[in-house]
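From a predicted model like this one, the values you see are computed outputs, not experimental measurements.
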Amino acid sequence: MIEGPVRVRFAPSPTGMLHIGGVRTALFDWLLARQTGGQFILRIEDTDRARYTEGAVEDIKESLRWYGLDWDEGPDVGGPAESYFQSQRGSYYSSAAERLIGSGAAYECDCTPQRLARLRAAQQSAGHPPGYDGRCRNRPREEIDHSRRQGLPVVVRMRTPDRGRVSFHDVVRGEVGFDLARLTDFVIMKSDGMPTYHLAHVVDDHEMRITHVLRGEEWISSTPRHILIQRGLGIEAPVYVHLPLILGKDRSKLSKRHGADQALAYRDQGFLPEALFNFLALLGWSPGDDTEVMGRDEIVGRFSLDRVSDSPAIFDPDKLSWMNGVYIRSMGNDELADALLPVLSDPRGGLPESVPRPIDRERVRELTPLIHERLKRLDEAPELLEFFFVDEVSPNPAEIVQRKMDRASTVAALREALDRCRGVDPFEAEVLESVYRALASELGLRAGQLFGSMRVAVTGRRVAPPLFDTMAAVGRGGCAARMERAIEVLEIS
RNA sequence: GCCCCGUUGGUGCAGCGGCCUAGCACGUCGGCCUUUCAAGCCGGAGAUCACGGGUUCGAAUCCCGUACGGGGUACCA
């Protein structure tokens with residue numbers, strides 16, 4: 001447990017749609033902030049002009065909102081450290097870079113990309129590790145200024161120690177050490193005047209008084225660079241928490257191949273944010289006992305960094321589906337119906353276009369109980385409810401005929417069923433059941449035989465919600481018409 | 001190549017030196033319920049705790065090595 005409020009940030013780079021791994025990181029940030037009464041800050045790291053993607057910032061915000069991760073400072077809500085876009089915080093980075101140059105911790109470099117590429121190629125072919133060779137370490141100021149006037153690109157590099165070790169404490173992994181000899185002078189200011197990630201986030205985390213840095217494990221090996229920059233600037237390091245990566249079921253990096261990897265894809269596939277929240281919380285963390293289904297508040301209460309796993313978390317879509325089903329079943333009827341309405345109305349994947357819009361909300365509320373516990377994802381509803389909304393279904397004759405029956409006996413049974421249909425009063429499940437149970441025994445049929453034929457006749461499907469509830473919902477007229485149609489189908493084919 | 005991290009049934013997680021004849025969940029198989037499918041309930045199969053050495057009275061748990069997996073090694077984050 002952490003004593004005192006934390007300040008944590010989620011700092012995505014708007015280079016594409018937000019990935020599910022990013023949401024998990026943001027979730028852990030958020031949990032920590034809410035648990036300790038601290039602040040969760042959203043900061044946009046848009047220092048890479050080449051990879052900037054239009055719409056990515058909107059996607060990040062929309063994703064966080066859908067998952068219920070509200071930020072206390074950042075875009076749209078502002079805050080004391082405004083701006084929360086790195087592209088608008090240039091002066092912080094340039095003055096930090098100047099200080100580093102002034103103290104000799106960093107220096108300017110006018111090596112061209114071509115030279116660096118050649119250097120790298122030579123190192124690789126010679127079997128050496130790639131890295132900057134330090135050509136500009138002691139170049140006189142005038143030479144660099146001259147290059148700048150010539151329009152040559154000039155960057156700022158950290159002067160890294162040639163030997164020694166740097167080590168830091170990671171909450172998840174403990175003491176982690178690196179040999180400085182293999183860390184070459186890295187760029188902190190690019191030639192376009194933008195800082196690199198290494199400089200920018202260190203400056204901002206300090207400026208924004210971030211206490212805990214939670215990020216993916218892929219960052220652990222660049223942490224020594226961040227320590228070096230902090231030392232150069234004379235600022236204190238935050239607490240580092242490197243979260244285990246999320247891998248697919250085949251233990252490779254999560255990607256489109258594993259199904260949805262984009263944060264909002266889950267919304268579009270009919271998952272509930274509460275289910276994803278719960279599921280994602282368990283990716284790299286566990287409460288210590290066998291509890292799995294937990295609501296937001298319970299997770300906020302039980303979350304703890306020292307229970308974060310140090311081995312990768314595997315994303316199991318089957319388990320997510322199961323959990324989503326659990327959350328769907330826990331919803332109230334009207335709540336589910338209201339969630340289903342937009343899904344059913346969707347022109348793509350919703351009910352057929354022939355069903356007039358808007359879809360009747362009351363009707364959906366009546367039908368929801370019939371599919372409630374059969375649903376794992378909201379987007380399964382249109383398929384399950386379709387036959388209630390269309391005028392006619394087309395039953396397959398082979399499916400109407402049940403085991404140990406033939407066409408003739410089935411037709412005879414359906415004729416009787418159709419006949420009884422007119423006399424059922426009121427036309428409700430309970431009455432229907434007693435009428436048709438009686439019919440089955442009169443005909444010498446097993447209940448399953450009669451009901452099976454009727455089910456296919458009325459719904460057009462072999463698998464459907466309980467027959468009599470379904471019939472009551474379809475109504476007397478509809479049931480009669482559909483049974484007539486089934487008899488026809490059997491007779492003409 | 002080099003550096004860093006990891007390794008418990010098909011899968012996810014629990015286990016933090018004796019309570020482990022290794023627990024829970026997903027999946028799977030069987031049964032009950034039953035008009036189909038679900039849901040629910042009951043039960044089963046499934047792990048020499050990656051491998052090899054140590055330390056210890058005692059190791060899934062600590063140490064070393066090997067194998068395998070992952071991450072990093074940019075004027076990307």
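Checked by distance alone, A/Arg182 brings no side-chain donor or acceptor within 3.5 Å of a matching partner on the base of B/rC3. For B/rC75, the base has no donor-acceptor partner in the side chain of A/Thr196 [N/O atoms by modelled type, under 3.5 angstrom].
Nearest heavy-atom pair, A/Gln449 versus A/Gln402, reported as atom, atom and distance to 0.1 Å: O-CG, 3.1 Å. Across all their heavy atoms, A/Leu280 and A/Arg24 have their closest contact at O-CG, 3.6 Å.
With a 6.0 Å cutoff to the six-membered ring centre and a 45° limit on the axis angle, A/Arg89 counts as a cation-pi contact of A/Tyr92. Under the 6.0 Å distance and 45° angle rule, A/Arg182 does not count as a cation-pi partner of A/Phe178. Under the 6.0 Å distance and 45° angle rule, A/Arg225 counts as a cation-pi partner of A/Phe186.
Distances shorter than 4.0 Å separate some side-chain N or O of A/Ser286 from OP1 or OP2 on B/rA14. For A/Arg51, no side-chain nitrogen or oxygen approaches OP1 or OP2 of B/rC75 to under 4.0 Å. Neither OP1 nor OP2 of B/rC5 sits under 4.0 Å from any side-chain N or O of A/Ser311.
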task: Let me have a per-nucleotide readout for nucleotides 21-28 of chain B, 5' to 3', with B, S or -, counting only protein heavy atoms under 4.0 Å.
output: --BSBS--
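Using N1 to N3 plus N6-O4 or O6-N4 for Watson-Crick, or N1-O2 and O6-N3 for G-U wobble, each under 3.5 Å, B/rG18 pairs with B/rC57.
For the atom pair A/Met454 CE and A/Cys479 SG, the distance stands at 7.5 Å (nearest 0.5 Å).
Along RNA chain B, the nucleotide closest to A/Leu375 and the one closest to A/Val176 are compared, and the more 5′ of them pairs with A/Val176.
Using a 4.0 Å heavy-atom cutoff across all strands shown, A/Gly131 reaches no nucleic acid atom at all.
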